Amino acid sequence: MSLISLLAREVRHHWINAILGTLGLAIAVALLVTVQMTTAAAERETRRVMRDLGFNLRIIPRSTDMDHFWTHGFSDQTMSEQTVRTLADQHGVFLSFNHLTPTLEGRIEAGGRPALLTGVGETLVGPGEAKQPMGFRLKPGQVFLGSAIAGRLKAKRGEGIQLGGREFKIERVLAESGTDDEVRIYGALSDVQRLLGAPGRINEIKAVDCLCLTADQDPLGKLRAVLEQTLPEARVLQLRTLADARAKQRQMATRYAQFAVPIVLLAGAAWLALLAWLNVRERRVEIGLWRALGHSTSRIAVLFLGKAMALGLVGAVAGFVLGTGIALRAGPELFQVTAKSLRGDPTLLLWALVLTPSFAALATLLPTLRAIAQDPSEVLRAD
Amino acid sequence: MIVCENLQRSFRGPAGEINALAGVSLSIGRGEFVVIKGPSGCGKSTLLLTLGGMQRPASGRLRFDDCDLYEIPASRRNRIRATKIGFVFQLFHLIPYLTVRENILAGLPPNEAAAQPLARVDELIDLLGLRPRAGLRPGTLSVGERQRTALARALVKQPALILADEPTGNLDPHNAAEVFRFLGAYQREGGTVVVVTHGQDAAPYATQTLHMAEGRLGPPQPGPPRAQSNAPTPPFSNNS
């Protein structure tokens, strides 16, 4: 009788056992798939939420009068708009800096009172990255108004506004922020360059620190060293509290993933091993009998491993479907910012198809070999 | 056919070391019907499994035909067990997920499925009165039917030697007599039988009876003149 025929008959006869075994495997795989998907989603969510805290690095001309900078909030010196491209083109820059956004900032009068005017250029992200650029994206002729300015001018979204003798469309009125954004007008970089009489110039590159080091790990020293080599005419300032909070949160998310996934993996592995051990233990007499009938150790092992692998394959597919379903169902509630990014991961199915049967076979192999090596007199003899 | 010299084997039990085989020597010729008797735990089953190449002795030698059974590679020992030795157990040890017919087929050497062995399976099914049960699983059989199935499984490969461990221990007198009738018929055809039993049913068939106590065998006692059996004479020609 062929091994496949024996295997099929055994599975059919012990169908409850086979279903429970498959269910155990499927639940273990589902748990792993769910945890893996939700952990990845949690990391993504953390990155996005932290990113939404805003830029935490300010790159300004080295010759900036820092007293002016701190009292006015922007540099009195400018640099070429091309500087941002020069910086982005340097090898390895995006390992330390990302979301490089050229800006030009100055003061103007709006409604007879001073206001801040900020021009925002195109944001550059690392090559090949699918990241959504941070910051505002404004087309020429559009402006965003801070809420205090909008209130002062009694301006509303969709209306026009005169700045420097030109008409601009109010694309958005910003919500109250409790910062100097209340009196800020954002416009396209080219428009602001014209309004401030500085065509082709910027006075700051806003960026995000990619090192994600906490304050005690001296991120600023490292960033300054990188900038020293790539853009010596500039200096970098770090919004330390923001950067530190971001780094801590992201490090926590990474540490949690590194903790949770192996724990679930170990728990799943222990579960599978227990199921395999129980199955082999239940069939010790059968193993002794096959030996008595002259079957080789390898043939007996294949009989048990074949079953484990077959159940492993079914459990992998069922577990992947179940785990993905749970993650997709629970995900939008858990991860509201990045809910749309949550989707089934085919690579997890591939891993499940390879690892589940392999592990099920491995978990079965040890108790099977042990049972085969066991003294047959313990299970076969009458006295 | 079998020559054992000073077989030794001990186990660690709850009450300490148990000498299951304490220097067992014996000789069994082809065509013999050997009955081994003795109290529970005296080492009878261990001796039987050792004779069948299932349990390596701690020391001593065991010659089966022309080879030292525990000196040859495991693969060759498996082959000898698969082709020349049939086991019958007190608890039958049928494979629960196979039908009667498939259980008997399982007694054939692995991968052997020629037409002749398949015909022999059907012959044994008829001979042992299992035809109406051939498609059923062991769970639905009476104990007598289970043991007849186990007997057929042992006989299907036409072994040179049958080792039976309390084969009638769970059977009523009628079924017990049936089992020994078949074993006796097999022996008359030239097969060799070694039976461990408590009962007297095997006595009429025994060519020698051995008593075992605390891992040792007493002197062999010759059996009675060959009893006449009413059993049908099955085609039990064996792989000698």
Side-chain angles (χ1 to χ4, degrees), chain A residues 1-21 278-308 310-311 368-383, chain B residues 9 11 20 38-46 48-50 52-56 74-75 77-87 89-99 102 105-113 137 139 150 153-154 157 163-167 169-170 196-198:
Chain A
M1 194 172 294
S2 74
L3 282 171
I4 292 176
S5 173
L6 279 174
L7 204 152
R9 280 166 170 75
E10 200 276 330
V11 169
R12 202 170 55 202
H13 181 69
H14 291 128
W15 62 274
I16 294 179
N17 179 292
I19 286 177
L20 287 177
L278 287 174
N279 180 257
V280 172
R281 184 179 163 78
E282 192 184 324
R283 296 173 67 189
R284 276 188 316 162
V285 171
E286 188 187 330
I287 290 174
L289 181 68
W290 288 123
R291 287 190 58 196
L293 293 175
H295 289 245
S296 64
T297 302
S298 56
R299 191 176 155 89
I300 298 169
V302 166
L303 187 62
F304 281 75
L305 300 192
K307 179 184 176 184
L311 297 191
T368 303
L369 290 181
R370 192 164 175 268
I372 291 170
Q374 192 181 21
D375 200 329
S377 64
E378 287 179 25
V379 290
L380 293 180
R381 69 179 174 186
D383 62 358
Chain B
R9 173 83 195 219
F11 300 102
S40 291
C42 70
K44 304 187 299 290
S45 295
T46 303
L48 208 69
L49 291 168
T50 305
M54 288 282 288
Q55 191 159 60
R56 182 180 291 279
S75 57
R77 199 160 52 243
N78 286 340
R79 185 73 196 154
I80 288 174
R81 240 182 359 250
T83 55
K84 294 190 171 180
I85 302 173
F87 282 95
F89 302 100
Q90 179 182 1
L91 298 176
F92 327 124
H93 296 323
L94 298 174
I95 308 280
Y97 52 85
L98 299 182
T99 63
E102 290 165 344
L105 269 169
L108 288 170
N111 302 322
E112 185 178 318
R137 294 207 177 90
R153 182 180 62 195
K157 64 182 134 188
L163 300 169
D165 191 3
E166 302 278 9
N170 280 356
V196 163
T197 183
H198 281 103

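Just so we're clear, the structure is a prediction, and the values are computed from it rather than from any experiment. These numbers come from the heavy atoms of this one structure, side chains and all, not from hydrogens, waters or symmetry mates. Order of the sequence lines sets the chain letters (A, B, ...), proteins ahead of strands, with each chain counted from 1.
Counted within 6.0 Å of CD1 on I4(A), heavy atoms from surrounding residues, nucleotides or ligands total 12 or fewer; the atom is thus considered open.
Only the side chain of R137(B) comes within less than 4.5 Å of a heavy atom in chain A; its backbone stays farther off. With a 4.5 Å cut-off on non-hydrogen atoms, L6(A) touches chain B through its backbone and its side chain both. Of the two parts of R77(B), neither the backbone nor the side chain holds a non-hydrogen atom closer than 4.5 Å to a non-hydrogen atom of chain A.
Between chain B and the options E10(A), H14(A), R283(A), R12(A), heavy-atom pairs under 4.5 Å are most frequent for E10(A).
A search for side-chain contact (heavy atoms from CB on, under 4.5 Å) contacts involving V11(A) returns L7(A), A18(A), K307(A), not counting sequence neighbours. Annotation: side-chain contact (heavy atoms from CB on, under 4.5 Å) contacts of A308(A) (sequence neighbours excluded): A360(A), T364(A).
Considering I95(B), T99(B), L98(B) in turn, L98(B) is the only one that fulfils the side-chain contact (heavy atoms from CB on, under 4.5 Å) rule with R9(A).
Pairing each heavy atom of L293(A) with each of K157(B), the nearest pair is O-NZ, 4.2 Å. T297(A) and N78(B) get closest at one heavy-atom pair: N-ND2, 4.4 Å.
Relative ring orientation between H13(A) and Y97(B) is described as tilted, the plane-to-plane angle lying within the 30° to 60° band.
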